[in-house]
Amino acid sequence: MTEELAPQYDPSAIEAALYQKWRGEGRFHVDADAPGEPYVIQMPPPNVTAVLHAGHGLNNTIQDVLIRFHRMRGRKALWVPGTDHAGIATQNVVEKRLAQAGKSRFDLGREAFVEEVWTFVGETGGQILRQLEALGSACDWDRTYFTLDPGLSRAVREVFVTMHEQGLIYRGKYIINWCPRCLTALSNEEAEKEETAGHIWHLRYPLADGSGSIVVATTRPETMLGDVAVAVHPDDPRYRAMIGAELALPLTDRRIPIIADTAVEQDFGSGAVKVTPAHDPTDFEIGRRHGLAQLDIMTDDAHLNETVPERFRGLDRFVARKQVVAEFEALGLLDRVEPHRHAVGHCYRCGTIIEPRLSDQWFVRMQPLADPALAAYRQGALRFIPERQGEIYANWLGNIRDWCISRQLWWGHRIPVWYCDADGCGQTIVAREDPDACPGCGGALRQDEDVLDTWFSSWLVPFSSLGWPEQTPDLKAFYPGSALVTAPEILFFWVARMVMAGLHFQGKVPFETIYLHGTVRDTQHRKMSKSLGNGIDPLEVIERYGADALRYTLVSGMAVGTDVILDPADIDSSFAPGRNFANKLWNIGRFLLSHLDADVPRLADVDPEAFTAFDRWILGRVDFAIRHATTEYERYRLNDAASAAYHFLWSDFADWYLEAAKPRLYGTTPDGRVARAVAAHVFDAALRLLHPVMPFITETLWLRLPHADPRSALIASPWPTPVDVADGTASRDVAAVQAIVGAIRGLRAEYGVAPGREVSATIVEASPAAQQAITKMGETIRRLAKLEQITMQDTIPDEAGGTIVLEDGTSVIVPLGDLVDLDRECARLGDEAMKLEGLVRGLEAKLSNAQFTSRAPAAVVDGEREKLETWRHQVASLRQKRQALGCPG
RNA sequence: GGGCGAUUAGCUCAGUUGGUUAGAGCGCGCGCCUCACAUGCGCGAGGUCGGGGGUUCAAAUCCCUCAUCGCCCACCA
């Protein structure tokens, strides 16, 4: 511990080695049978191909803070890491690489392509987990999972088959969201609605008998080639007579009927809707009600197919749109075009505009799952932070729609369904184990080509990562978990679905607290992204300032429910709070450790009589910091917890206690040993408070403190508890010292007294606390305020000086001879007096108001009376000083 | 269209059930290399709490209203 520490904190010399030390000592691992109440967090599994970005940094910092805090509080804290196979995302990455070699996945074929993806994942996948180490993440790496692992795959299959048996999974032909680039169906959640400026075209369809026409309004004119009817509201007087009539569908040789359906809004557009059952969900429903044909006019990649007239075949949907409009115009059938803003779905992985498409897919029936999930929330089994997110969750569950879970991809969990194509058999098998042959006819089976939505494996993670469907000790010990920490973006994708799966398969919600944190944004409040180039690389920040600086900056900038704003263009000032504090902490430690030795007594061994007022004061302050920080950590107000430790260390401990105690620490007197014991004790406690947020520096310094068991570690140490040796006297005396010193420093600055020059101070009408402070701690005041001497007297000194009247009425006068500008001093005192007189008048009025004195609580009234006395006294003193200086007025 | 929310210092935000002269960090100004730290020390300026109305002895805090901004959901083509 006498070993020299560098004056500048150098994280690179510490962090990586310390992380490996912790890991080597098994600090992150938790056994199912370990003692203590469990505290479990499931890490939102990053995509296996992901690279750490600022969002991950924030998300994982929060989780790590919680895990470390609860571990120190005596819980058996488990943080489960893993990666997600990320079906579409990963497949897209590998396809892109193949494309560079001029190949597509179809060139390779399914088996070889999947092999290729496994190779890619094996070589580059999971790097994000290694990057999380740099952040300091204390997760249990022994339990790292991958959503395609055999165990988790078994869970997926078990869930699919069980839900199918329960009638909760079905296959059906419906309008789904289709990505024509990824060539797969998507769930509603994966189709991101984006408000887009488009047009609404009014197209005129002539009646077949030539007796007139009807105008329909559409945002997607190209789909008219798939129209099978035009619908109007049955009560619409404009069209009632036309119901049942036949239209000659322009650009085609088809005839379509005019039908009546109440789904049509009379007020919108023209009040007549073209019906395209294969390309629009509403039209699909209308079509079903009226037994209309479903005319699919598009190919997988959204080009027009052979059902349309020849000249349109093979055209891209947007090219076709232009051409359809042009032909309508040429025919004089384009009634008009209006600008129109509407929500257009985009693929959440590639941004391509979604094509609503009629397709055979697998679905999960959601209502039976959503009802319990909603009830659990209403009954208080789930707690949202911030609370308002709960209503968003409830709103979604209340309007739930079935979940399309099949994907036309190759990378993922293959759907465990087999079909027998044998003549006269045609059996469908849904099975936990791969069947060899058709149980009906013994013939060959063909497995469903599709894979499952990635989220169909991640929604099981709270129990599948613990070994389910086996009833493992881990499952017993660690389900349900405690908190789920993530961004609001995946509330529906993941969080709500985990609640449903947890309730359905385990009978309990998977976690009690859902902490939804903000987003890391730039100074224009734009989300950080690769394409905008406004990202901040957490690894670069760690390299420059250390993980602790990054973590502190993120945590302190993160009030509950708010975004973290950072400036990518100015990393230096963005991370100044963390960097500065890390360095400050380092230097506090450096200074203190250089004055400690192995003989420092334990606080409990110090005779309480030996404590100075400053000792008792700082012990009271650390107790306050402990209580405050603990409460805030428990409430998930991490920024407030961090700030409690910050202010204790920087303001109370470094600025006042250490500065006051320096002579004691420098010396070798018994009193010095008391100061060392106190300083070591409170510093130890403060390091514990701060450890969850800044694990590396706190551990490094803590290990060098005396009394630390060499086999022990801060990461595994208990949370600090208050010592309760403080008393009111100490805090009053120290407050008086601080006020007097502050006043003198203020006067020195006011009159530009050179820092090196010592002056004197005269205290007039000292309050009892001030008298105590000067009598007992005059020496300390002298040193901190750079005074030659400090004296108390009853009368104002002759020599001209600067004066400050403290709140308790004590006057602090610094005679400064020629330095004092009398006019300025008079003005300053006068302004101060006027300001206070205003307050006094207001308070007098308040106190003379019988309504106030009779209705307000007595304590409030008494407090106001006391305040009035203080202010009056201050005013009197200020007036008196002005008089003594011979000020005018 | 439905749901949720925001507006406090130049910037990012605190302000817990209504009750001291509304706080912090960053930024800014002045003075300092004081033997732990210039990533520092000391001092300071800066806010009619978005506008208006109301409830109350008392409102940044509760209610109404207007304005501006944001997020989520949504089959008015």
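Chain letters run A, B, ... following the sequence lines, proteins first and then strands; every chain starts at 1.
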*Asks:* I need the CZ-P distance between A:Arg828 and B:A45, as an integer number of Å.
*Replies:*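 Interatomic distance, CZ of A:Arg828 to P of B:A45: 11 Å.
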*Asks:* Have a look at A:Lys662 and say if it touches a base, only the backbone sugar-phosphate, or nothing, with a 4.0 Å heavy-atom cut-off.
*Replies:*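 Base, at least one base heavy atom under 4.0 Å.
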*Asks:* With no hydrogens and no angle check, is any side-chain donor or acceptor of A:Arg551 less than 3.5 Å from a backbone partner on A:Val693?
*Replies:*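 Yes.
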*Asks:* Going by purine N1 to pyrimidine N3 plus the second Watson-Crick contact, or the G-U wobble pair, all under 3.5 Å, which nucleotide sits opposite B:C13?
*Replies:*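 Its partner is B:G23.
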*Asks:* Rounded off to whole Å, could you give me the CG-to-P distance for the A:Leu658 and B:C35 pair?
*Replies:*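 Rounded to the whole Å, the gap is 16 Å.
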*Asks:* A:His595 NE2 to B:A36 C1': how many Å, rounded?
*Replies:*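 Atom NE2 in A:His595 sits about 9 Å away from atom C1' in B:A36.
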*Asks:* Measure from the side chain of A:Phe492, starting at C-beta and using heavy atoms only, and say which of B:C75, B:A74, B:C72 lies closest.
*Replies:*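 Closest nucleotide to the A:Phe492 side chain: B:C72.
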*Asks:* Is the phosphate of B:C75, meaning OP1 or OP2, less than 4.0 Å from a side-chain N or O of A:Lys193?
*Replies:*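 Yes, A:Lys193 has a side-chain N/O under 4.0 Å of OP1/OP2 on B:C75.
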*Asks:* For a quick check of understanding: with a heavy-atom distance under 4.0 Å over all strands, which category does A:Arg637 fall into, base, sugar-phosphate or nothing?
*Replies:*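 Touches sugar-phosphate only.
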*Asks:* Quick one: look up who B:U68 pairs with, Watson-Crick or G-U, both distances under 3.5 Å, and put none if it's unpaired.
*Replies:*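 Result: B:A6.
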*Asks:* Just to confirm, is there a sub-4.0 Å distance from OP1 or OP2 of B:C76 to any side-chain nitrogen or oxygen of A:His233?
*Replies:*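 So the side-chain polar atoms of A:His233 never come under 4.0 Å of the phosphate oxygens OP1 or OP2 of B:C76.
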*Asks:* Nearest-Å distance, CZ (A:Phe493) to P (B:C73)?
*Replies:*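 The distance from CZ of A:Phe493 to P of B:C73 comes to 8 Å, rounded to the nearest Å.
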*Asks:* Answer yes or no: does a side-chain N or O of A:Lys584 lie under 4.0 Å from OP1 or OP2 of B:C41?
*Replies:*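 Answer is yes, contact under 4.0 Å.
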*Asks:* How close or far is atom C1' of B:C72 from atom CD of A:Glu189, stated in whole angstroms?
*Replies:*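 So the two atoms are 12 Å apart, to the nearest Å.
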*Asks:* Can you measure A:Ile175 atom CD1 to B:A77 atom C1' for me and round it to whole angstrom units?
*Replies:*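 Going from A:Ile175 (CD1) to B:A77 (C1'), I get 13 Å.
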*Asks:* With sugar-phosphate meaning primed atoms plus P, OP1 and OP2, does A:Asn849 contact a base, only sugar-phosphate, or nothing at under 4.0 Å between heavy atoms?
*Replies:*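 Sugar-phosphate: the residue A:Asn849, judged by heavy atoms under 4.0 Å, touches backbone atoms but no base.
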*Asks:* Using a heavy-atom cut-off of under 4.0 Å over every strand shown, decide if A:Glu192 touches base, sugar-phosphate, or nothing.
*Replies:*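 Answer is nothing: A:Glu192 stays at 4.0 Å or more from every strand.
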*Asks:* Tell me whether the side-chain N/O atoms of A:Tyr666 come closer than 4.0 Å to OP1 or OP2 in B:A36.
*Replies:*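 Answer is yes, contact under 4.0 Å.
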*Asks:* With heavy atoms under 4.0 Å as the rule, sort A:Phe284 into base, sugar-phosphate or nothing.
*Replies:*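 No contact at all - A:Phe284 keeps every heavy atom at 4.0 Å or more from the nucleic acid.
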*Asks:* Select one nucleotide: of B:G25, B:C43, B:U16, the one nearest the side-chain heavy atoms of A:Arg745.
*Replies:*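 Minimum distance to the A:Arg745 side chain belongs to B:C43.
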*Asks:* If you look at every strand shown and take non-hydrogen atoms under 4.0 Å, does A:Ala576 touch a base, only sugar-phosphate, or nothing?
*Replies:*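 Here A:Ala576 touches no strand at all.
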*Asks:* So what does A:Trp201 hit on the nucleic acid, given a heavy-atom distance under 4.0 Å: a base, only sugar-phosphate, or nothing?
*Replies:*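 Answer is nothing: A:Trp201 stays at 4.0 Å or more from every strand.
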*Asks:* On RNA chain B, does the nearest nucleotide to A:Asn395 precede the nearest nucleotide to A:Thr562 from the 5' side, or the other way round? Give the residue.
*Replies:*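 Upstream on the strand: A:Asn395.
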*Asks:* Give one of base, sugar-phosphate or nothing for A:Asp283, where a contact means two heavy atoms less than 4.0 Å apart.
*Replies:*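 A:Asp283: no heavy atom of the nucleic acid under 4.0 Å.
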*Asks:* Give A:Thr219 one of three labels, base, sugar-phosphate or nothing, depending on what nucleic acid heavy atoms sit under 4.0 Å from its own.
*Replies:*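 Since only primed, P, OP1 and OP2 atoms lie under 4.0 Å of A:Thr219, the category is sugar-phosphate.
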*Asks:* What's the closest nucleotide to the side chain of A:Glu265 if the choices are B:A77, B:A36, B:G19?
*Replies:*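 Between B:A77, B:A36, B:G19, the one nearest the side chain of A:Glu265 would be B:A77.
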*Asks:* Has A:His279 got a side-chain atom pairing as donor or acceptor with A:Ile297's backbone, closer than 3.5 angstrom?
*Replies:*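 Side chain of A:His279 to backbone of A:Ile297, a donor-acceptor pair under 3.5 Å: yes, one is there.
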*Asks:* Please work out if A:Ala654 contacts a base, only the sugar-phosphate, or nothing of the nucleic acid, heavy-atom cut-off 4.0 Å.
*Replies:*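 Result for A:Ala654 = base.
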*Asks:* Quick check on RNA chain B: between A:Arg579 and A:Gly742, whose nearest nucleotide comes earlier from the 5' end?
*Replies:*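 Counting from the 5' end, the first nearest nucleotide belongs to A:Arg579.
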*Asks:* Under 4.0 Å between a Lys/Arg side-chain N and an Asp/Glu carboxylate O for A:Lys867 and A:Glu864?
*Replies:*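 Yes.
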*Asks:* For the side chain of A:Arg748 and the backbone of A:Lys786, is there at least one donor-acceptor N/O pair under 3.5 Å apart?
*Replies:*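 The answer is yes, because a donor-acceptor pair under 3.5 Å joins these two groups.
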*Asks:* Could you check whether the side chain of A:Glu864 and the base of B:A58 have a donor-acceptor pair of N or O atoms closer than 3.5 Å, going by distance alone?
*Replies:*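 Looking at the base of B:A58, it does not pair with any donor or acceptor on the side chain of A:Glu864 (distance under 3.5 Å).
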*Asks:* Once you measure the plane-to-plane angle for A:Phe653 and A:Phe648, does it fall in the parallel (<30°), tilted (30-60°) or perpendicular (>60°) bin?
*Replies:*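 Parallel: the ring planes of A:Phe653 and A:Phe648 meet at under 30°.
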*Asks:* Would you indicate which nucleotide in B:C4, B:G19, B:A77 comes nearest to any side-chain atom of A:Glu391?
*Replies:*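 Closest of the options to the side chain of A:Glu391: B:C4.
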*Asks:* Are A:Arg521 and B:C13 close enough that a side-chain N or O sits under 4.0 Å from OP1 or OP2?
*Replies:*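 Negative; the distance criterion is not met.
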*Asks:* Starting the side chain at C-beta, find the nucleotide from B:C37, B:A74, B:C73 nearest to A:Asn188.
*Replies:*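 So the side chain of A:Asn188 is nearest to B:A74.
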*Asks:* Could you tell me the separation between the CG atom of A:Leu836 and the C1' atom of B:U21, rounded to a whole number of Å?
*Replies:*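 My rounded result for the distance is 8 Å.
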*Asks:* Have a look at A:Val264 and say if it touches a base, only the backbone sugar-phosphate, or nothing, with a 4.0 Å heavy-atom cut-off.
*Replies:*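 The answer is base, as A:Val264 lies within the cut-off (heavy atoms under 4.0 Å) of a base atom.
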*Asks:* Would you mind checking if A:Arg388 and A:Glu391 are paired as a salt bridge, meaning a charged N to carboxylate O distance below 4.0 Å?
*Replies:*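 Result for this pair is no, no salt bridge flagged.
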*Asks:* Tell me the interatomic distance from A:Glu285, atom CD, to B:A74, atom C1', rounded to whole angstroms.
*Replies:*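 Whole-Å distance recorded here is 16 Å.
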*Asks:* With a non-hydrogen cut-off below 4.0 angstrom, is A:Gly390 in contact with a base, only sugar-phosphate, or nothing?
*Replies:*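 Nothing, no nucleic acid heavy atom in range.
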*Asks:* Are the aromatic ring centres of A:Phe384 and A:Tyr377 under 6.0 angstrom apart?
*Replies:*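 Yes, the ring of A:Phe384 comes within the 6.0 Å limit of the ring of A:Tyr377, centre to centre.
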*Asks:* Is there a side-chain polar atom (N or O) of A:Arg401 under 4.0 Å from OP1 or OP2 of B:C75?
*Replies:*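 Yes.
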*Asks:* Are more than 12 heavy atoms from other residues, nucleotides or ligands located less than 6.0 Å from atom CD of A:Glu387?
*Replies:*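 It does not: A:Glu387 CD has 12 such atoms or fewer within range.
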*Asks:* Strictly by Watson-Crick or wobble contacts shorter than 3.5 Å, is anything paired with B:C28, and which nucleotide is it?
*Replies:*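 Check on B:C28: paired to B:G44, both distances under 3.5 Å.
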*Asks:* Which nucleotide in the list B:C13, B:A36, B:G42 gets nearest to the side chain of A:Ile588?
*Replies:*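 In terms of side-chain proximity for A:Ile588, the closest of B:C13, B:A36, B:G42 is B:A36.
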*Asks:* Taking a pair as Watson-Crick or G-U wobble with both distances under 3.5 Å, which nucleotide is matched to B:G1?
*Replies:*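 With both distances under 3.5 Å, B:G1 matches B:C73.
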*Asks:* Categorize A:Trp586 for me: base, sugar-phosphate, or nothing, with a 4.0 angstrom heavy-atom threshold over every strand shown.
*Replies:*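 Answer is nothing: A:Trp586 stays at 4.0 Å or more from every strand.
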*Asks:* What's A:Pro857 touching, base or sugar-phosphate or nothing? Going by heavy atoms closer than 4.0 Å.
*Replies:*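 Since a base atom lies under 4.0 Å of A:Pro857, the category is base.
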*Asks:* Under a 3.5 Å cut-off for both distances, is B:A60 Watson-Crick or wobble paired, and to whom?
*Replies:*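 Paired with no nucleotide.
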*Asks:* Establish, with yes or no, whether the OP1 or OP2 oxygen of B:U12 is under 4.0 angstrom from a side-chain nitrogen or oxygen of A:His525.
*Replies:*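 For A:His525, the contact criterion (side-chain N or O under 4.0 Å from OP1 or OP2 of B:U12) is met.
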*Asks:* So, is A:Asn580 near the phosphate of B:G40, with a side-chain N or O under 4.0 Å from OP1 or OP2?
*Replies:*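 Yes, within the criterion.
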*Asks:* For the side chain of A:Asp640, counting heavy atoms from C-beta on, which of B:U34, B:A14, B:G5 is nearest?
*Replies:*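 Closest nucleotide among those given: B:A14.
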*Asks:* Less than 4.0 angstrom between a side-chain N/O of A:Trp650 and OP1 or OP2 of B:C41, yes or no?
*Replies:*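 Yes, such a contact exists.
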*Asks:* Any salt bridge linking A:Arg579 with A:Asp572? Criterion: basic side-chain nitrogen under 4.0 Å from a carboxylate oxygen.
*Replies:*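 Yes.
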